[in-house]
Amino acid sequence: MKALDELTFDNRFARLGDAFSTHVLPEPLDNPRLVAASPAAMALLDLDPAVAESPVFAELFGGHKLWAEAEPRAMVYSGHQFGSYNPQLGDGRGLLLGEVYNQAGEHWDLHLKGAGQTPYSRMGDGRAVLRSSIREFLASEALHALGIPSSRALCVIGSDTPVWREKQERGAMVLRLAPSHIRFGHFEFFYYTKKPEQQKQLGEHVLAAHFPECLEQPEPYLAMFREIVERNAELIAKWQAYGFCHGVMNTDNMSILGITFDFGPFAFLDDFDAHFICNHSDDQGRYSFSNQVPIGQWNLSALAQALTPFISVEALRESLGLFLPLYQAHYLDLMRRRLGFTQAEDDDQKLVERLLQLMQSSGVDYSLFFRRLGEETPEQSLARLRDDFVDRSGFDAWAELYRQRVARDPIQGQDLRRERMHAVNPLYILRNYLAQKAIDAAEAGDYSEVRRLHQVLSRPFEEQPGMDSYAERPPEWGKHLEISCSS
Ligand code: AMP
Ligand code: MG
């Protein structure tokens with residue numbers, strides 16, 4: 001276990017130079033204080049969880065202090081936002097403080113979000129409010145616990161700094177951890193500004209630091225692009241299987257590592273709705289739940305365009321063609337497991353599609369359905385779940401197919417079936433209304449609910465005594481929360 005001053009830095013990205021990022025110091029928050037810290041994320045830096053309570057922790061992550069070896073930099077990037085190219089993006093309110101190695105030799109970027117203005121702030125104040133910082137903290141750690149690749153969150157620091165959004169709020173900072181903060185938009189920036197030398201430098205850095213195995217391949221850039229396609233196909237399959245809606249899938253919010261990145265008005269589905277739009281400024285539904293799949297591919301083709309100096313168009317097209325079949329295979333594999341099947345059958349896709357149609361038309365709670373399906377024997381579970389469906393004869397027809405399908409599967413015995421299904425079907429998910437309750441308390445100065453919710457969500461598959469209220473269907477008001485897009 002390390003103390004805070006024992007971190008080992010090696011700032012590879014900063015060494016790329018001023019064409020890639022600008023040196024900027026964090027602007028401190030007034031009266032910084034710990035809202036919540038993630039012991040699991042602290043372990044990634046070998047930090048003793050007890051150090052989160054020390055005053056120096058809030059000072060470091062509230063922008064007051066810095067390690068001597070840190071080199072805070074604002075990164076430059078661009079990207080496609082809602083389908084249109086925006087040439088002027090970059091870290092407008094976040095800073096890459098430095099890169100840290102842990103004892104296992106893993107590398108973690110420390111990125112402080114809400115750290116004040118930078119050359120890329122445009123009209124923005126460089127700040128992040130408490131509410132959105134809590135949402136990012138909870139979501140990063142909850143997704144990770146579900147097995148969905150994500151950037152991580154070490155802590156949220158609250159403050160007295162006033163920040164204006166629709167109303168006056170308080171500034172906060174999140175310390176985000178990821179093996180890399182390089183986005184599709186980094187490659188787009190050097191491609192569209194026609195800086196081939198720097199684009200090559202970026203490419204070589206990314207290959208060496210993040211895709212070293214691709215350097216062994218005859219065409220390293222092609223191997224890397226293929227890997228990015230594969231990782232994103234798997235990531236989006238997990239989002240779809242678990243009902244996660246990102247909300248702002250702009251190419252500047254897409255990580256080259258295929259991890260969930262840049263949290264905004266995201267939501268987990270409560271009632272199943274394929275057309276769900278969590279972002280209220282998304283009038284066309286470009287980033288609706290079911291559009292995440294084609295948009296994932298669209299974003300990869302935007303990255304492919306930016307990689308045309310390195311890879312032939314033909315090879316890029318061929319790699320892009322892998323996205324949908326890979327997505328489909330990962331998605332079906334996960335859905336089979338969620339339904340309790342241990343082997344594949346040809347008609348499984350139809351069985352899943354039919355179930356989702358029935359859930360859609362009856363507004364069935366997406367997460368609880370799967371959890372309850374594994375709770376008792378198929379007959380008992382189906383009999384109970386039937387009450388949630390309006391189209392009873394439709395459900396009965398599906399239930400009969402499901403019952404026969406389970407009977408053909410080699411796994412027998414309810415105990416084993418329950419154990420396997422509960423291991424992939426969470427009891428607790430980050431519903432918007434749960435986050436909102438924790439935020440309301442935190443805005444009133446009580447951080448205990450943020451901490452409790454974080455703790456519950458860090459073991460989403462395990463039933464936790466006394467936590468039943470976190471596993472319930474949301475109240476009616478909780479299903480229709482408008483999550484502000486300003487953050
Ligand atoms: P986002 O929608 O959070 O992905 O941000 C899009 C772009 O706007 C990025 O370049 C951000 O750094 C920038 N940005 C967002 N909010 C602010 C803010 N309050 N101040 C400065 N820049 C911001
Ligand atoms: Mg962003």
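This chain uses plain numbering: 1 for the first residue, then up along the sequence. Not measured: the values here are computed from a predicted model. First listed ligand is number 1; within each ligand, the first listed atom is number 1.
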Check your understanding: CZ/F184 to CZ/F187 distance, rounded to the nearest 0.5 angstrom?
Key -> 10.0 Å

Point to revise | Side-chain H-bond candidate by donor/acceptor type, E71 with H23, under 3.5 Å | key: no

Check your understanding: Under the side chain to side chain donor-acceptor pair (under 3.5 Å) test, which residues partner S78, sequence neighbours left out?
Key -> Y85

Review point. Less than 3.5 Å between some nitrogen or oxygen of D91 and one of ligand 1, yes or no?
Key: no

**Study point:** R165 contact mode with ligand 1 (heavy-atom cut-off under 4.0 Å)
**Key:** side chain

Check your understanding: Any idea which of S121, G94, G126 brings a heavy atom closest to atom 18 (C) of ligand 1?
Key -> G126

Review point. With a 6.0 Å cut-off on ring centres, are F272 and Y366 close enough?
Key: yes

Check your understanding: Is Q117 in contact with ligand 1, taking contact as a heavy-atom separation below 4.0 Å?
Key -> no

Practice item. Indicate whether the side chain of N250 and that of Y287 have a donor and an acceptor atom separated by less than 3.5 Å. Key: yes

Check your understanding: Is the ring centre of F268 less than 6.0 Å from the ring centre of F244?
Key -> yes

Practice item. Ignoring angles and geometry beyond distance, decide whether R127 reaches within less than 3.5 Å of ligand 1 through its nitrogen or oxygen atoms. Key: yes

Check your understanding: Would you call R183 a ligand 1 contact, heavy-atom distance under 4.0 Å?
Key -> no

**Study point:** contact_flag V248 ligand 1 heavy-atom lt 4.0 Å
**Key:** no

Practice item. May I ask you to check whether G90 has an N/O atom sitting below 3.5 Å from an N/O atom of ligand 1? Key: yes

**Study point:** Under-2.8 Å neighbours of the Mg ion (ligand 2), protein N/O/S atoms only
**Key:** 2

Point to revise | Heavy atom of the protein closest to atom 6 (C) of ligand 1 (residue, atom name, distance) | key: Q81 NE2, 4.0 Å

Exercise for review: Using the test side chain to side chain donor-acceptor pair (under 3.5 Å), find all partners of S121 that sit at least two apart in sequence or belong to another chain.
Suggested key: none

Review point. Between the side chains of S458 and E141, is a donor N or O closer than 3.5 angstrom to an acceptor N or O?
Key: no

Review point. So which of G92, S487, P265 gets nearest to atom 21 (C) of ligand 1, if we judge by its closest heavy atom?
Key: G92

Check your understanding: Is the shortest distance from a Lys or Arg side-chain nitrogen in R131 or E169 to a carboxylate oxygen in the other one below 4.0 Å?
Key -> yes

**Study point:** Short side-chain donor-acceptor distance under 3.5 Å, W239 and T260
**Key:** yes

Practice item. State whether a side-chain donor-acceptor pair under 3.5 Å links S21 with R73. Key: yes

Study note, to complete from the structure: Residue, atom and distance of the protein heavy atom nearest atom 5 (O) of ligand 1 read D252 OD2, 4.8 Å

Check your understanding: Do E230 and R226 sit within salt-bridge range, that is, some charged N less than 4.0 Å from a carboxylate O?
Key -> no

Review point. When you measure from atom 13 (C) of ligand 1 to each heavy atom in R122, M75, M123, which option holds the nearest one?
Key: R122

Revision key, fill the gap. Across all chains, not counting sequence neighbours, the salt bridge (charged side-chain N to carboxylate O under 4.0 Å, His left out) partners of E476 are K479

Check your understanding: Any N or O on D125 sitting closer than 3.5 Å to an N or O of ligand 1?
Key -> yes

**Study point:** Nearest-contact summary for atom 16 (N) of ligand 1 - protein heavy atom, Å
**Key:** R93 NE, 3.2 Å

Exercise for review: Please indicate, with yes or no, if any protein heavy atom is found under 4.0 Å from atom 2 (O) of ligand 1?
Suggested key: no

